[in-house]
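Have a look at the structure below before the remarks.
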Amino acid sequence: MSSSSSLTRALGISALAAVAVNAWWGLSLSPPDKVQGQLVRILYVHPAVATMCYAGFGLCALGSICWLWPRTRSPRWDRLAVAGAEVGAVFCAATLITGSIWGKAAWGVWWTWDARLTLTAILFALSLGYLALRRAVDNPHSRALMSSAVALLMALTVVLDHYATAWFATLHQHTTLFKPSPSIHGWQLVTMCWSFVALGLVFAWMVVHRYRLEALEERYESEGYLVAIEARRAEGQPVSAAARPETGRVLVGSAASAERAEALVEDK
Amino acid sequence: MWRDAALVAGKDLRVEGRAKVAVNQVAPYALVVLLLFGFAFDQDRPLLVQAAPGLFWMAVLFSGLLAVQRSFSIESADGAIDALRLSRLEPAGIFIGKVVAVAAQLVVLEALLAFGVVVLFQSRLGGAGLLVASTLVSTAGVAAAGVAYGALCVGLRARETLLPLLLSPVLAPVVLAATEAWRAALGLSRGDGWRWLGILACFAAIYLAGGAIGFGALIEET
Amino acid sequence: MNYVWAAWLSCGVLLCVYSFRTLWRERTLRRLLGKKGPQWP
Amino acid sequence: MVLTARLRSAVALAGRYPVLAGTDLDVTAGEVLVLKGPNGAGKTSILRVLAGLLPLSAGDAEVLGLDPTADARALRPLVGLLGHQNGLYDDLTAEQNVRFVARAARRSPDVVPSALERLGFGGRLRGAPAGKLSAGQRRRLAIACVLAKGPRLWLLDEPHAGLDVEHRELLDDLLREVAAGGSSVVLASHEQHATVRLADRVVTMAGGLVLDGVIVAGQPPGTPAPSCPDVPRAEVTNVA
C-alpha cells in the first residue's frame, strides 16, 4: 500500500503543479483573444473539464461491460465503474457550471437548448440515478450486477439522446454557437492543450483515489465478516450454553468454515 | 415464453379489472395534470396549442411512473414476487407480460388524455398515421423501460423515490422524440416526424430486448 | 473578467471539495481498518 | 436414508448481517422437520436458503440434488414456500389465485378444485377476493397454493399462525400425508406445543446456527433426535 501511496502522491503533486501552471498561463500569461477578449480564459478550463466528464462516464461504461462479460468479470471492474461514474459526475457538474457561466458571458443567457448542453444535463441526471442506485444496494454482487446492467442500458440511452438532441437542436436553433475565431494565438493553443494535461492529471488522481476508497470499503466489509459471524453466533449462546454442553464444539467446528468463508471473501 | 407472458399479462389485467386503480386513480390524476398545465399557462391559447404535445407526453410520463409502481406494488404487497421467483415462469415471459399489461393500461390512458388535450387546449388532431404509430411505439418503450427499472427497484430501500429518479432521465429521449413526432403530425413543426419514429423504435427495441434478457437477473437480486 | 473568475473558482472549489471528501473517507477507513480492527456499524 | 437437503457450514448474509452463521442441517426424504428457536434465530433464512431464494456466501448446500445457489433456477420450481407473507393477490378471487399458481407451475387445471377443497374452500368462499378473507382463511389459501404447485420440498414458516383448532388439525393431516408420499416438510415455528406432535424431528436454532441438525449414524430417520446427543461434534460431521 505504501508504494502505491508514494506513486499517487507523485501523481497528486504533479497534478497540483500542472493546475498551477495552467492557472498562471491561462489567467495571466496568455493574451486576451481578439474576438472573445478575456472570456477566452474560460476556455482554458471548460473544454478540458467536459472531456474529463466524458472520460469518467466512458470508464464507467468500460468497467460495467468488462464486469458483465463473464471472462473478464472481476470486482476491479466494478470499482473502476463506480470511480469513473462518481468522478465523471463531479466533472459533469463542473462542466454545467462553467458552461453556464460561459453562456451568460458570451451569449447573455445562462442556459440554452443546445444539443450538447441538453445532452450533458441528461448525462448528469442519469449519473445521479446510477449513483443513487449503488447506494441503495448492500450486497456487493447484486450491486455490481444491477449497476453495470443499468450503466449499459444508460449508455445505449445516451446514444439515442445524442441523435435526439442533435436533431432537436437543429430544429430549434438557427444560430451557430461557436464562431470560429479568426486567429488563434500561439499561447492560446499551448494553454488550451496544457489545460487538458493538467485536468487529465487531476482526473487520474481522483479516479485512483476513488478506486482505492472502494477497495478499502470492500476490505473493511470482508474483514468485518468474521467479527459479524462470531457476534451472530454469540447471540444464540446464552440459550444454548445452558441447554447444551457441546456448544463450544459447535463453535470450534464452525471456525473452520469461517476460515473457508474468509478465503472465499478474499477470493472475491 | 409467450404462454407465460399471456398468463402474467392476463393476471395483471384481471387484478386491474377488479381493483380499477388505473381507471379510478391514475387516469383522473393525468387529467388533473393536464388541467394544471392549462392553469400554469394562464389561458394563453396559442401557446397551449403549441405546447400541447409536450404537455401530453409529460402527463403520460407521470402516469406511466404510477402505472409501473402499481404493477410492482401488487407483486410486493403480500410477497407474491417470491412466488413468481419460485414459479416455473420464464423471466422473459414475466417481463413481456408485465410490459403488455402496463402498455395496455397506458394506451387507454393516452386515448383519454388525447381527448383531454382536444377539449382543454383546443388542439386539432391530425396526421393520424404518424400520430398513432408514434404513440404506440413510445408506449411500448415507456412500458418496457418502466418495467425493467421497476423490477430493479422492487426489493430496494426507498424504491418509491428511486424509481422516478432512475426512470425520468432514461425516458428523456422518448419524451423528446414523441413530442417532436406529435408536433410533426399535428403540423406544428416542419420536421420529419418519421425520423423521430426511428428513435422511438430504437428505444423500444433496446429496452424490450434488454429487459427480456436481463429481467431474470433483475428480480433475482435484492 | 468577473465571469472568468467565477468559472475558474467554481470549478476549483467543486473539485477541491470532492477531493477532500474522498481523502477524508479514505483516511477514516484506514484508521478503522488499522487501529481498532474491523468494526461494523 | 435419502437426504432431501444438506447444509454444511452454510453462511448467508442479509446486507452485512450474517443471518446464517455457518450452520449444518440434514433433511431426509419423507420427514416432517420442525425448526424451533427464538425470533431472529435464523429459521426464516434457512427456509429461504433451501428454497434457493437466499444465496450462500460460504459453505456447501445440496437441495433435491441441486446447489441452491448455483442452480437456483432449476431448484425453485420443485420447492413450495409459505413465508411470513402469503403471496396472494388481494384483487383476485381465491380460485383465481390458486389457478394462477397451478398454471405458473404448468400443472393440470384439475389440481385447483381439489387443492381448494382440501383446505376447506368450498362454495361461495372460492369466488371471494383474497383481500376480503380473514387472516386464517388467507393462510389456508396460501397453503392451497403450495399444494396446487405440488412441490417435492415443503418449506413452511409459521403455517399455523392464525388458524383455528379445526384447521390446524386439517393442516397437520395434510402435512403427514405429504410426508408419507415421500416429500419432505420443513416447518419453522416458535410455538412448540402446536407442532411437536406433527414432527418426526425437532431441531433448535439459535444465533444463526442449527444446534443439532445433523443426523446421527445408525439412527433411523423418523425418530426424534435426542435433545442432547453424546456424540462428539467432529464425528457427527464425518457421518454425512
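Residue numbers begin at 1 in each chain, while the letters A, B, ... track the order of the sequences.
For B/L152 against A/M146, the heavy-atom pair with the smallest separation is O-CE, 3.0 Å. Nearest heavy-atom pair, A/M154 versus B/Y149, reported as atom, atom and distance to 0.1 Å: CG-OH, 4.0 Å. Residue A/L126 comes nearest to B/P169 through the heavy atom pair CD2-CB, 3.7 Å, listed as atom of the first residue, atom of the second, then distance.
By number of non-hydrogen pairs under 4.5 angstrom with chain A, the leading residue of B/T179, B/V170, B/L171 is B/V170. Interface summary for chain B: among A/V159, A/V158, A/T157, the most heavy-atom pairs under 4.5 angstrom belong to A/T157. Between chain B and the options A/L133, A/L156, A/I122, heavy-atom pairs under 4.5 Å are most frequent for A/L133.
With sequence neighbours excluded, no residue forms a side chain to side chain donor-acceptor pair (under 3.5 Å) with A/S127. Residues forming a salt bridge (Lys or Arg N to Asp or Glu O under 4.0 Å) with A/D78 (at least two apart in sequence, or on another chain): A/R134.
Along residues 158-168 of chain B, the residues that come nearer than 4.5 angstrom to chain A, judged on non-hydrogen atoms, are B/L162, B/L165, B/L166 in order of number. Among residues 89-97 of chain B, no residue has any heavy atom closer than 4.5 Å to a heavy atom of chain A.
If you measure heavy-atom distances from A/V150 to chain B, the contacts under 4.5 Å come from both the backbone and the side chain. Using a 4.5 Å cut-off between heavy atoms, A/F124 makes no contact with chain B at all.
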- request: Go through the steps to decide whether B/I206 and A/L153 satisfy the test side chain to side chain contact (heavy atoms under 4.5 Å, CB included), and finish with yes or no.
  value: CA-CA 8 Å; B/I206 287 173; A/L153 283 176; 4.2 Å; yes

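By the neighbour-count criterion of 12 heavy atoms within 6.0 Å, atom CH2 of A/W110 is densely surrounded, having more than that number from other residues, nucleotides or ligands. For A/W69, the CH2 atom is loosely surrounded, since the number of other residues' heavy atoms within 6.0 Å does not exceed 12. For A/R76, the CZ atom is loosely surrounded, since the number of other residues' heavy atoms within 6.0 Å does not exceed 12. Dense packing is recorded around OH of B/Y29, with more than 12 heavy atoms of other residues, nucleotides or ligands lying under 6.0 Å away.
Rounding to the nearest 0.5 Å places CD1 of B/I199 at 8.0 Å from CG of A/D161.
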